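The next block holds one structure in the form of structure tokens; read it before the comments.
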Protein chains: 2
Amino acid sequence: MSKSVSVLTPGETVACCSPLVSSPLPQETAEQIAPLLKALADPVRLRLLSLVAAHADGEACVCDLNDAFDLSQPTISHHLKVLHESGLLERSKRGVWVFYRVQRAALADLAALIGGGL
Amino acid sequence: MSKSVSVLTPGETVACCSPLVSSPLPQETAEQIAPLLKALADPVRLRLLSLVAAHADGEACVCDLNDAFDLSQPTISHHLKVLHESGLLERSKRGVWVFYRVQRAALADLAALIGGGL
DNA sequence: TCAAGACATCGACAACCTTCTATGTCTTAG
DNA sequence: CTAAGACATAGAAGGTTGTCGATGTCTTGA
């Protein structure tokens, strides 16, 4: 599918193209990062994450989160599961309640990757 | 769907919940940001963006990008369209070729939002 | 022991996404 | 003018996602 370019001298490279200056994301890396972004790429999950982050001690219980949306409890539970399995939310059960806490490091890594020209 | 909480004094708030300490993302904001993240949340598009960013003068032509993937030309064209319409890639046509350039500001904004606790 | 409540899982359905092939639109070279 | 090449659009197939109601699993209080 890709045209061989190895026999061309620099001056002969196709007219439209400029050379690479830094190395692009390897496919493997891209496939690791995409699921993280996918987990983040939903308005409900963005608000969930932000709601958890906004809580006093950095964690919020599900009962609290459920009431913040006009969505069924299973739907919220599903979104929390997605965020948890992607590594963006940490989970801990205390008594009858389940608490979620933001994994700041994961968010920071993502931000660094996006902010730093990829 | 949400229980009213306005009549409770601080001491009466339900046992499981801690108060908010900073304000969570408004729904409207979340719905503006999610599409941006969605555009980013695909391995092919991540690599496309990174490929463009990695080019010498900050832009790359489609012919160049096509050859970097084992995907059909229309598929690449589609992904570029998604990135362009979301505001992450700028487009310019010169002669027969079309060049794409990364919109650094959009990426920086996203990174700031994600990195700064949302 | 039993009932109630908090949360998760299941199965279904509609909407959407990725990819393809086929085809269209421009632009340039001859 | 015509042919070739670069890129976009259209339409379809198959997989994935968001949401729901129904139901299951734990934990606690009575």
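All figures in this text were calculated on a predicted structure; none of them were measured in a lab. Chain A is the first sequence line, chain B the second, and so forth, proteins listed ahead of strands; every chain is numbered from 1.
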Rounded to the nearest angstrom, tell me the gap between atom [atom1] in [X] and atom [atom2] in [N].
X: His84(B); N: dC7(D); atom1: NE2; atom2: C1'; answer: 14 Å
X: Asp42(A); N: dT17(D); atom1: CG; atom2: P; answer: 11 Å
X: His79(B); N: dT18(C); atom1: NE2; atom2: C1'; answer: 6 Å
X: Leu40(A); N: dG18(D); atom1: CG; atom2: P; answer: 12 Å
X: Asp70(B); N: dC20(C); atom1: CG; atom2: C1'; answer: 14 Å
X: Asn66(A); N: dG21(D); atom1: CG; atom2: P; answer: 13 Å
X: Leu71(B); N: dT19(C); atom1: CG; atom2: P; answer: 5 Å
X: Leu65(B); N: dA8(D); atom1: CG; atom2: C1'; answer: 15 Å

Phosphate-side-chain proximity, [X] and [N], N/O vs OP1/OP2 below 4.0 Å:
X: Arg94(B); N: dT27(C); value: no
X: Lys81(B); N: dT9(D); value: yes
X: Tyr100(A); N: dA8(C); value: yes
X: Arg91(B); N: dC7(D); value: no
X: Ser77(B); N: dC7(D); value: no

Both Val96(A) and Pro74(A) contact DNA chain C. Taking the nearest nucleotide for each, which residue is further toward the 5' end? Val96(A)
The side chain of [X] lies closest to which of these nucleotides: [options]?
X: Ser72(B); options: dT21(C), dT18(C), dT9(D); answer: dT21(C)
X: Val44(B); options: dT18(C), dT19(C), dC7(C); answer: dT19(C)
X: His78(B); options: dT18(C), dT19(D), dA8(C); answer: dT18(C)

Electrostatic pair Glu85(B)-Arg91(B), nearest N-O below 4.0 angstrom: no
Any side-chain heavy-atom pair from Ile114(A) and Leu37(A) closer than 4.5 angstrom? yes
After noting the C-alpha distance and the side-chain angles of Glu31(A) and Gln27(A), does the key distance pass the side-chain hydrogen bond (donor to acceptor under 3.5 Å, both in side chains) rule? CA-CA 6 Å; Glu31(A) 281 167 355; Gln27(A) 175 168 353; 3.1 Å; yes
Can a donor-acceptor pair under 3.5 Å be found between the side-chain atoms of Gln73(B) and the base atoms of dA8(D)? yes
Is there a salt bridge (Lys or Arg N to Asp or Glu O under 4.0 Å) between Arg94(A) and Glu59(A)? Walk through the geometry before answering. CA-CA 12 Å; Arg94(A) 290 205 294 278; Glu59(A) 65 180 12; 2.6 Å; yes
Rounded distance (nearest 0.5 Å) linking atom CZ of Arg47(A) with atom CZ of Phe69(A): 4.5 Å
If you assign each of Ile76(A) and Val62(B) to its closest nucleotide in DNA chain D, which residue comes earlier from the 5' end? Val62(B)
